[in-house]
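Take a look at the structure below.
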Amino acid sequence: MAKQLITITVNGDEHELAVAPFQTLLEVLRDELGLTGTKRGCTAGSCGVCTVNGEEGEAILSCCALAVDWDGRSLTTVEGVQEGTELHPIQQKFLEHGAVQCGFCTPGLIMSAKALLDVNTSPSEKDINEAMAGAICRCTGHIKVKIAIREAAKVLREREMDSASGTAEAGAANGAA
């Protein structure tokens, strides 16, 4: 089968790759780019361990997405979540609350949680349950995961408030000049 040349941006880095028509995004991430944080689980889209975030922040099951469909697009894997040298709040809270257990499903859980928190820093229990419904974890039962998500949401809300008050203070200072 003829391969197709695609350009994909992963974690801010642009890559040009020749991919087979039915090669999955998961295969490209792991086998072509060496980003093994995204795990191979069921390969049927039912366990969530392969979750990555699309350019709009949405959770994507990379085992079900064709790489050719990502030509010209961007995504983030668990390797790209960290903020410079600091862990993202969701990563930090997973560690603090022991929501990592064996670790196999952790990348998918983190990416699913991040997708939620990118659009909603005040998620209800229902919101959290819906966001995590496709992310299977046999070790934690999601109890510690949900605690970590609520705590990360709190950190992100505080950042939003600090940012908003900083903007308001800067505007007031500029207006007073």
Side-chain angles (χ1 to χ4, degrees), residues 8-13 15 24-65 67 70 74-162:
I8 185 170
T9 302
V10 180
N11 301 329
D13 296 326
H15 302 274
T24 66
L25 187 55
L26 175 63
E27 291 168 332
V28 166
L29 294 172
R30 291 184 60 85
D31 304 336
E32 306 294 329
L33 299 179
L35 297 171
T36 57
T38 304
K39 301 299 182 205
R40 228 180 231 122
C42 66
T43 65
S46 58
C47 73
V49 300
C50 68
T51 302
V52 297
N53 293 158
E55 55 203 353
E56 302 296 322
E58 71 278 19
I60 304 293
L61 296 171
S62 65
C63 74
C64 295
W70 284 84
S74 301
L75 63 94
T76 303
T77 69
V78 73
E79 291 93 344
V81 173
Q82 191 167 323
E83 300 172 333
T85 60
E86 300 292 318
L87 293 177
H88 183 279
I90 193 64
Q91 292 170 306
Q92 186 63 45
K93 295 304 178 182
F94 263 61
L95 287 173
E96 288 176 14
H97 294 286
V100 293
Q101 298 297 307
C102 79
F104 185 75
C105 65
T106 303
L109 292 169
I110 286 174
M111 298 310 291
S112 295
K114 185 175 183 310
L116 168 64
L117 297 177
D118 282 351
V119 296
N120 182 359
T121 57
S122 296
S124 66
E125 193 69 19
K126 181 181 178 207
D127 296 332
I128 294 171
N129 288 339
E130 287 176 1
M132 304 312 290
I136 296 175
C137 176
R138 292 185 175 111
C139 300
T140 67
H142 284 197
I143 295 167
K144 292 178 181 183
V145 169
K146 290 177 185 179
I147 293 168
I149 292 169
R150 286 191 293 271
E151 291 294 314
K154 188 184 309 182
V155 170
L156 294 170
R157 282 193 307 274
E158 289 169 1
R159 282 186 184 177
E160 287 173 352
M161 288 188 296
D162 289 348

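If you're wondering where the values come from, they're calculated on a predicted model, not measured in any experiment. All residue numbers refer to positions in the sequence shown, counting from 1.
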Exercise for the section: Determine, stepwise, if the pair L25 / L75 fulfils side-chain contact (heavy atoms from CB on, under 4.5 Å). Expected result: CA-CA 10 Å; L25 187 55; L75 63 94; 3.7 Å; yes

[Y] side chain reached by [X] side chain, heavy atoms, under 4.5 Å:
X    : Y    : answer
Q92  : E86  : no
C105 : I136 : no
P89  : E83  : yes

Problem - Pair M132-I149, side-chain contact (heavy atoms from CB on, under 4.5 Å): steps then yes or no - result: CA-CA 10 Å; M132 304 312 290; I149 292 169; 3.8 Å; yes

Practice task
Using side-chain hydrogen bond (donor to acceptor under 3.5 Å, both in side chains) as the criterion, point out the one residue from N11, T38, T36 that pairs with T77.
Solution key: N11

Problem - side-chain hydrogen bond (donor to acceptor under 3.5 Å, both in side chains) partner of K93, chosen from H97, E96, Q91 - result: E96

Practice task
Flag the pair R157 and E160 as a salt bridge only when some basic side-chain nitrogen lies within less than 4.0 angstrom of an acidic carboxylate oxygen.
Solution key: no

Practice task
Please determine if E27 and R40 form a salt bridge, counting it only when a charged side-chain N lies under 4.0 Å from a carboxylate O.
Solution key: no

[X] and [Y]: which non-hydrogen atoms are nearest, and at how many Å?
X    : Y    : result
F104 : P107 : O-CD, 3.5 Å
V81  : K114 : CG1-CD, 3.8 Å
G41  : C47  : CA-SG, 3.9 Å
L117 : A153 : CD2-CB, 3.7 Å
L61  : G45  : CD1-O, 3.3 Å
F94  : V145 : CZ-CG1, 3.8 Å

Problem - Test log, rule salt bridge (charged side-chain N to carboxylate O under 4.0 Å, His left out), inputs K126 and E130 - result: CA-CA 6 Å; K126 181 181 178 207; E130 287 176 1; 3.6 Å; yes

I need the [X] [atom1] to [Y] [atom2] distance, nearest 0.5 Å.
X    : Y    : atom1 : atom2 : answer
T24  : D31  : OG1   : CG    : 8.0 Å
L116 : N129 : CG    : CG    : 10.5 Å
K154 : S122 : NZ    : OG    : 11.5 Å
R30  : C50  : CZ    : SG    : 10.5 Å

Practice task
Indicate yes or no for a side-chain donor-acceptor contact from Q101 to the backbone of G103 under 3.5 Å, with no hydrogens or angles considered.
Solution key: no

Practice task
Kindly say whether I90 contributes a backbone atom to a donor-acceptor pair with the side chain of H88 at under 3.5 angstrom?
Solution key: yes

Problem - Full working for side-chain contact (heavy atoms from CB on, under 4.5 Å) between K39 and T106 - result: CA-CA 9 Å; K39 301 299 182 205; T106 303; over 6 Å; no

Handout entry: Residue pairs, two or more places apart or on separate chains, that pass side-chain hydrogen bond (donor to acceptor under 3.5 Å, both in side chains) and touch residues 44-65
Key = E55-R73

Problem - H15: which of V28, L33, T9 passes side-chain contact (heavy atoms from CB on, under 4.5 Å) - result: L33

Problem - Stepwise side-chain contact (heavy atoms from CB on, under 4.5 Å) test for S112 and L109 - result: CA-CA 5 Å; S112 295; L109 292 169; 5.8 Å; no

Practice task
Give a yes or no on this: more than 12 heavy atoms of other residues, nucleotides or ligands lie within 6.0 Å of atom CG of L95.
Solution key: yes

